[in-house]
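Working notes for the structure below.
If you read the sequence from its start, that first residue is 1, and numbering goes on from there. Atom set for the values below is all heavy atoms of this structure, side chains included, hydrogens, waters and symmetry mates excluded. Computed from a predicted model, the values in this text were never measured in an experiment.
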Amino acid sequence: QGYEVVVLDNLLYGQGDCLSVFEGQANFRLVIADMRDQRCLDKAMKGTTDAVLLAGLVGEPITTRYPKEADEVNNSAVRLCIDTFGRSDVERVIFISTCSNYGIVDSGQPADERQPLMPLSGYAKSKVDAEHYLEKQSRMADYVHTILRFATAFGVAPRMRFDLTVNEFTRELALGRELKVYDPHTWRPYCHVRDFGHLIELVLEAPVDLVKGEVFNAGGDANNYTKQGIVDLLLSAVPGARVRLVDGSPDPRDYRVSFAKVRQSLGFVPTISVED
């Protein structure tokens with residue numbers, strides 16, 4: 001789109017190859033650094049007009065395994081970033097949160113942005129805390145902030161994540177392994193990584209009055225699925241695959257999500273379905 005883009009990343013997962021395609025481009029700069037380091041944040045923010053805060057240790061497994069690091073990154077460092085935005089000349093801030101904040105929705109209706117939050121994991125609790133902190137700090141800052149509660153991502157990438165439902169289920173069945181599915185009738189929303197990128201672009205370019213202080217569920221209604229629904233799609237593509245359904249998951253999350261607000265306000269409808 002012609003933007004000058006700065007990426008701050010410590011390349012924790014060795015994903016430098018994902019960024020190497022941009023190396024040498026005049027409008028791209030990579031700052032290999034840790035978001036816990038104030039000096040590095042200041043360096044990356046110099047001359048920046050818009051900030052998208054995607055960084056963090058993502059998901060319950062890694063945050064449970066590394067609780068100290070998760071607290072340093074997902075709590076302390078995220079607050080450090082938000083404080084740095086307040087001292088900078090940044091005009092817009094987009095914070096990437098998660099639909100996991102809803103936890104369990106018993107109403108039978110899709111959760112909209114007004115749904116009371118019920119985070120069940122340490123990861124989701126850190127996102128809820130960060131949302132509250134950003135809303136509080138933004139009252140004393142000059143930037144416009146927007147919160148995007150991402151659905152569960154899926155899609156192919158140079159550094160694949162196979163800890164995500166659609167990707168994991170597909171891999172297991174494609175390799176001929178038995179797939180164990182816990183609580184198959186629980187709901188989750190999904191969204192392709194390319195559509196997430198497009199939504200971030202829409203928010204950056206939207207009129208201020210449409211996005212200032214707003215929270216948007218990020219995804220599309222058609223991509224709300226039960227785990228059983230995803231299995232059924234996969235079995236149509238991999239007939240004869242072995243699936244074992246199990247009750248009693250250690251992860252009780254169960255929520256459908258409404259994406260009416262992001263569709264009506266920003267015209268965002270995902271272009272890639274789970275079936276695609």
Sequence-distant partners of [X], side chain to side chain donor-acceptor pair (under 3.5 Å), two or more places apart:
X      : answer
Ser273 : Asp276
Ser265 : none
Arg79  : none

Examine [X] and [Y] and state if one hydrophobic cluster contains both, with Ile, Leu, Val, Met, Phe, Trp and Tyr joined whenever side-chain heavy atoms are less than 4.5 Å apart.
X      : Y      : result
Leu204 : Leu199 : yes
Val105 : Leu117 : yes
Ile82  : Val90  : yes
Val166 : Val238 : no
Leu148 : Tyr102 : yes

What's the spacing between [X] [atom1] and [Y] [atom2] if we round to 0.5 Å?
X      : Y      : atom1 : atom2 : result
Ile94  : Ile147 : CD1   : CD1   : 11.5 Å
Arg188 : Asn224 : CZ    : CG    : 11.5 Å
Ser76  : Glu69  : OG    : CD    : 12.0 Å
Ile200 : Leu54  : CD1   : CG    : 5.0 Å
Leu8   : Cys81  : CG    : SG    : 7.5 Å
Arg253 : Thr152 : CZ    : OG1   : 6.0 Å

Quick check: does any side chain N or O of [X] sit under 3.5 Å from a backbone N or O of [Y], one acting as donor and the other as acceptor?
X      : Y      : value
Asn101 : Pro119 : no
Thr63  : Glu60  : yes
Asn223 : Ile272 : yes
Asp71  : Lys68  : no

So, using side chain to side chain contact (heavy atoms under 4.5 Å, CB included) as the criterion, who are the partners of Tyr13 when residues are at least two apart?
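Tyr13 satisfies side chain to side chain contact (heavy atoms under 4.5 Å, CB included) with Gln15, Leu57, Ile62, Arg159 once adjacent residues are dropped.
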
Identify, with sequence neighbours excluded, every residue that meets side chain to side chain contact (heavy atoms under 4.5 Å, CB included) alongside Gln38.
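Gln38 satisfies side chain to side chain contact (heavy atoms under 4.5 Å, CB included) with Leu41, Asp42, Leu80, Thr84, Arg87 once adjacent residues are dropped.
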
Would you find more than 12 non-hydrogen atoms of other residues, nucleotides or ligands less than 6.0 Å from [X] atom [atom1]?
X      : atom1 : answer
Glu205 : CD    : yes
Asp89  : CG    : no
Tyr3   : OH    : yes
Gln1   : CD    : no

Please examine the side chains of [Y] and [X], heavy atoms only from C-beta on, and report whether any two atoms are closer than 4.5 Å.
X      : Y      : value
Val7   : Phe28  : yes
Leu11  : Leu19  : yes
Pro270 : Phe259 : no
Met45  : Val6   : no
Val181 : Gln228 : no

Restricting to pairs with a member in residues 25-36, which pass salt bridge (charged side-chain N to carboxylate O under 4.0 Å, His left out), not counting sequence neighbours?
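Residue pairs passing salt bridge (charged side-chain N to carboxylate O under 4.0 Å, His left out), neighbours aside: Asp34-Arg36, Arg36-Glu72.
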
Whichever hydrophobic residues join Leu120 through chains of side-chain contacts under 4.5 Å:
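Reading the cluster by chain and number, Leu120 sits alongside Ile104, Met118.
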
My understanding is that a hydrophobic cluster links ILVMFWY residues whose side chain heavy atoms are under 4.5 Å apart, including indirect links. Using that, what else belongs to the cluster containing Met160?
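Reading the cluster by chain and number, Met160 sits alongside Val156, Phe162.
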
Any donor-acceptor pair under 3.5 Å linking the side-chain atoms of Asn217 with those of Ser258?
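Side chains of Ser258 and Asn217: no pair found under 3.5 Å.
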
Can you pull the ring-ring contact (aromatic ring centres under 6.0 Å, His included) pairs that have at least one residue in residues 183-228, sequence neighbours excluded?
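For residues 183-228: Phe150-Phe196, Phe154-His192.
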
Enumerate, atom names and distances included, each donor-acceptor pair closer than 3.5 Å involving a side-chain atom of residues 239-247, sequence neighbours excluded.
unit_1, atom_1, unit_2, atom_2, d
Arg242, NH2, Gly176, O, 2.8
Arg244, NE, Glu178, OE1, 3.3

Selection residues 206-216 - residue pairs positive for side-chain hydrogen bond (donor to acceptor under 3.5 Å, both in side chains), sequence neighbours left out
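For residues 206-216: Glu214-Lys261.
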
Donor-acceptor pairs under 3.5 angstrom involving side-chain atoms of residues 133-141: please list them, not counting sequence neighbours.
unit_1, atom_1, unit_2, atom_2, d
Tyr133, OH, Asp83, OD1, 2.7
Tyr133, OH, Asp83, OD2, 3.2
Ser138, OG, Leu134, O, 3.2
Ser138, OG, Glu135, O, 2.9
Ser138, OG, His145, ND1, 3.2

Inspect the contact between Glu131 and Arg149 and indicate whether a charged nitrogen and a carboxylate oxygen are less than 4.0 angstrom apart.
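Yes, charged N to carboxylate O under 4.0 Å.
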
